[in-house]
> 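Have a look at this one before I ask anything.
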Amino acid sequence: MFGRWVADVSRKVPSLLKRVSLEMKPQVVFVLGGPGAGKGTQCSRIVENYSYTHLSAGDLLREERAREGSEFGQLIDNHIKEGQIVPVQITINLLKKAMEDTMQKDETKFRFLIDGFPRNEDNLQGWNTVMDGKADVKFVLFFDCDNKVCIQRCLERGKSSGRTDDNRESLEKRIQTYLQSTRPIIQLYEKLGKVRTVDASRSVDEVFAEVKAILDKEG
Ligand code: ADP
Ligand code: C5P
Ligand code: MG
């Protein structure tokens, strides 16, 4: 009798969990910081240790640039070299599709690290227009790093990354864009009490220890 009840419950629990997660809105952490602050590196570490899916806006744009038949290839290429922010219509569609694809493949994957977004006012407006009510932004994970350190890291990465923007000329522009357009977005979230700041100038392990403390607290 009891055995049958246990068997019955354990059969129902997975489908119940499935149903609950299907009804879950995507839970989003925006990951921001200067170029080379270590966003990608730390997101990989988070994915290894927590149930998050990492979506890098920059990676998605580079993928779209390389996609055969893309009507945006040239525009994306120019913006990346110039350290400019691509119009949000392009980026938000890539992000939305990546989120939907992830959740469709595995309905338990509804927690996302959205890396390198929103990077300016246009990005934020696009997010609010397209995703309002469709996703919950839990907080902004901000990797705070000295600009000189950021530039040095990107120049080092440039030796092997093959990226068209890991050179001194593009980096000067990227830092300007970061200071002029991205910092105000971080400040805006700060006013809402939604920023969790990490000192990103230290070693990868030290930075990750701080990240872990934040994620363990935030749940
Ligand atoms: P972002 O995604 O913010 O541009 P990345 O994670 O790609 O930054 O890191 C930029 C470069 O710096 C990479 O070559 C990476 O290996 C290196 N790096 C990342 N974090 C650190 C760190 N804490 N200390 C030293 N180098 C780092
Ligand atoms: O984050 P990452 O360093 O990979 O971004 C590289 C470039 O991709 C940025 O300098 C910018 O040109 C473009 N980008 C963008 N909009 C975003 C993220 C990245 O236009 N939200
Ligand atoms: Mg990156």
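For ligands, and for the atoms within them, numbers begin at 1 and follow the listed sequence. Note that the coordinates shown come from a computational prediction; the quantities given were computed from them, not determined experimentally.
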> Looking at ligand 1, does Gly33 have a heavy atom less than 4.0 Å from it?
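The answer is no: ligand 1 sits nowhere under 4.0 Å from a heavy atom of Gly33.
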> Hey, is Asp165 close enough to Lys81 for a salt bridge, meaning N to O under 4.0 Å?
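Not counted as a salt bridge, because no side-chain N and carboxylate O are separated by less than 4.0 Å.
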> Determine the sole option in Ile90, Leu95, Asp115 for which the side-chain contact (heavy atoms from CB on, under 4.5 Å) test with Leu60 is passed.
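Among Ile90, Leu95, Asp115, the one meeting side-chain contact (heavy atoms from CB on, under 4.5 Å) with Leu60 is Leu95.
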> Judging by distance only, is a nitrogen or oxygen of Asp115 under 3.5 angstrom from one on ligand 2?
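Such a contact does not occur with ligand 2.
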> Once you restrict to heavy atoms under 4.0 Å, what part of Ser56 touches ligand 1? Side chain, backbone, both or neither.
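Neither; no heavy atom under 4.0 Å.
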> Starting from atom 2 (O) of ligand 1, which protein heavy atom do you reach first, and at what distance in Å?
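Result for atom 2 (O) of ligand 1: Gly40 N, 3.0 Å.
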> Could you say whether the N/O atoms of Ala200 and ligand 1 ever approach to under 3.5 Å?
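N/O-N/O distance under 3.5 Å: no.
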> Report yes or no: does Arg163 have a heavy atom closer than 4.0 Å to ligand 2?
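It does, in that a heavy atom of Arg163 comes within the 4.0 Å cut-off of ligand 2.
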> Just jot down the ligand 2 atoms closer than 4.0 angstrom to any heavy atom of Arg62, in number order.
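With Arg62 as reference, the close atoms of ligand 2 come out as 4 (O), 6 (C).
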> Regarding Asp101 and Lys105, does a basic nitrogen lie under 4.0 Å from an acidic carboxylate oxygen?
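No salt bridge links Asp101 with Lys105.
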> Treat each ILVMFWY residue as a node, draw an edge where side-chain heavy atoms are under 4.5 Å apart, and state whether Val211 and Val195 are in one component.
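No, separate clusters.
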> Taking atom CD as the centre, does Gln187 end up with more than 12 heavy-atom neighbours from other residues, nucleotides or ligands that are less than 6.0 angstrom away?
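Atom CD in Gln187 is crowded, with more than 12 foreign heavy atoms closer than 6.0 Å.
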> Hey, does Pro35 come in under 3.5 Å of ligand 1, counting only N/O atoms on both sides?
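There is no such contact.
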> Which heavy atom of the protein is the closest neighbour of atom 23 (N) of ligand 1, given with residue, atom name and distance?
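Going by distance alone, atom 23 (N) of ligand 1 is nearest to Arg202 O, 2.8 Å.
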> Got the closest protein heavy atom to atom 1 (P) of ligand 1, with its distance?
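Looking only at protein heavy atoms, the one closest to atom 1 (P) of ligand 1 is Lys39 N, 3.5 Å.
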> Name the closest protein heavy atom to atom 20 (N) of ligand 1, giving the residue it belongs to and the distance to 0.1 Å.
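Protein heavy atom with the smallest distance to atom 20 (N) of ligand 1: Val204 CG2, 3.7 Å.
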> To which of Asp199, Thr41, Asp115, Asp166 does the heavy atom nearest atom 5 (P) of ligand 1 belong?
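Looking at heavy atoms only, the winner is Thr41.
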> Who's the nearest protein heavy-atom neighbour of atom 26 (N) of ligand 1, and how far?
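Of every protein heavy atom, Arg153 NE, 3.7 Å lies nearest to atom 26 (N) of ligand 1.
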> Inspect the contact between Lys96 and Glu100 and indicate whether a charged nitrogen and a carboxylate oxygen are less than 4.0 angstrom apart.
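Yes, Glu100 and Lys96 are salt-bridged.
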> In terms of atom number and element, which parts of ligand 2 are under 4.0 angstrom from non-hydrogen atoms of Gln84?
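By the 4.0 Å cutoff, the relevant atoms are 11 (C), 12 (O), 20 (O).
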> Is Arg196 salt-bridged to Glu218, going by a charged N under 4.0 Å from an acidic O?
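Looking at Arg196 and Glu218, the cut-off is met.
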> What protein heavy atom is closest to atom 4 (O) of ligand 1, reported as residue, atom name and distance in Å?
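Residue, atom and distance for the closest contact: Gly36 N, 2.9 Å.
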> Which residue supplies the protein heavy atom nearest to atom 2 (P) of ligand 2, what is that atom called, and how far is it?
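Minimum-distance protein heavy atom for atom 2 (P) of ligand 2 reads Arg119 NH2, 3.5 Å.
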> Answer yes or no: is there an ion pair linking Arg202 with Glu210, defined by an N-O contact shorter than 4.0 Å?
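Yes, Arg202 and Glu210 are salt-bridged.
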> N/O of Lys39 under 3.5 Å from N/O of ligand 2, yes or no?
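It does not: no N or O of Lys39 is found under 3.5 Å from an N or O of ligand 2.
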> Determine, for Asp205 against Arg45, whether the closest basic-nitrogen to carboxylate-oxygen distance falls under 4.0 angstrom.
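Judged by the 4.0 Å cut-off on N to carboxylate O distance, Asp205 and Arg45 do form a salt bridge.
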> Among side-chain atoms of Tyr50 and Asp216, is any donor-acceptor pair under 3.5 angstrom?
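Indeed, the side chains of Tyr50 and Asp216 share at least one donor-acceptor pair under 3.5 Å.
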> Which atoms of ligand 2 have any heavy atom of Leu61 under 4.0 Å away?
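Checking each atom against Leu61, I get 13 (C), 14 (N), 15 (C), 16 (N), 19 (C), 20 (O).
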> With heavy atoms of Arg174 as the reference, note each atom of ligand 2 found under 4.0 Å away.
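Those atoms are 3 (O).
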> Might you confirm whether atom CD of Glu169 has over 12 heavy atoms from other residues, nucleotides or ligands at distances under 6.0 Å?
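Not more than 12 within 6.0 Å, no.
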> Would you mind running through ligand 2 and noting each atom that sits below 4.0 Å from a heavy atom of Phe117?
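Answer for ligand 2: 21 (N).
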> Side-chain donor-acceptor pair under 3.5 Å between Thr108 and Asp106, yes or no?
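Yes.
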> With a 3.5 Å cut-off and no angle check, do the side chains of Arg119 and Thr182 form a donor-acceptor pair?
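No, no side-chain donor-acceptor contact under 3.5 Å.
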> Please write down residue, atom name and distance for the protein heavy atom closest to atom 8 (O) of ligand 2.
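The closest one turns out to be Ile80 CG1, 3.7 Å.
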> Given side chains that start at C-beta, do those of Ser170 and Thr164 come closer than 4.5 Å, heavy atoms only?
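No; the side chains remain at least 4.5 Å from each other.
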> Starting from atom 14 (O) of ligand 1, locate the nearest protein heavy atom and write down its residue, its atom name and how far away it is, to 0.1 Å.
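Heavy-atom neighbour on the protein nearest atom 14 (O) of ligand 1: Arg157 CB, 3.5 Å.
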> Look at atom 21 (N) of ligand 2 and find which of Gly33, Gly116, Ser181, Gly58 reaches it with the closest heavy atom.
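Looking at heavy atoms only, the winner is Gly116.
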> Any idea which atoms of ligand 2 are less than 4.0 Å away from a heavy-atom of His79?
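Once the distances to His79 are compared, the set is 12 (O).
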> Using a strict 4.0 Å cut-off to heavy atoms of Val86, name the atoms of ligand 2 that fall inside it.
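Those of ligand 2 that fall under 4.0 Å from Val86 are 15 (C), 20 (O).
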> Any side-chain heavy-atom pair from Arg65 and Ile80 closer than 4.5 angstrom?
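Yes - at least one pair of side-chain heavy atoms lies under 4.5 Å apart.
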> Could you walk me through whether Ile85 and Asn123 pass side chain to side chain contact (heavy atoms under 4.5 Å, CB included), step by step?
CA-CA 8 Å; Ile85 309 303; Asn123 272 192; 3.7 Å; yes
> Out of curiosity, is Glu206 lining ligand 1, as in a heavy atom under 4.0 Å away?
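The answer is no: ligand 1 sits nowhere under 4.0 Å from a heavy atom of Glu206.
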> Residue-level breakdown please: for Asn123 versus ligand 2, do any non-hydrogen atoms fall below 4.0 Å on the side chain, on the backbone, on both, or on neither?
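Side chain only.
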> For Gly38 and ligand 1, does the shortest N/O to N/O distance drop below 3.5 Å?
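Yes; the residue has a nitrogen or oxygen that sits under 3.5 Å from a nitrogen or oxygen of the ligand.
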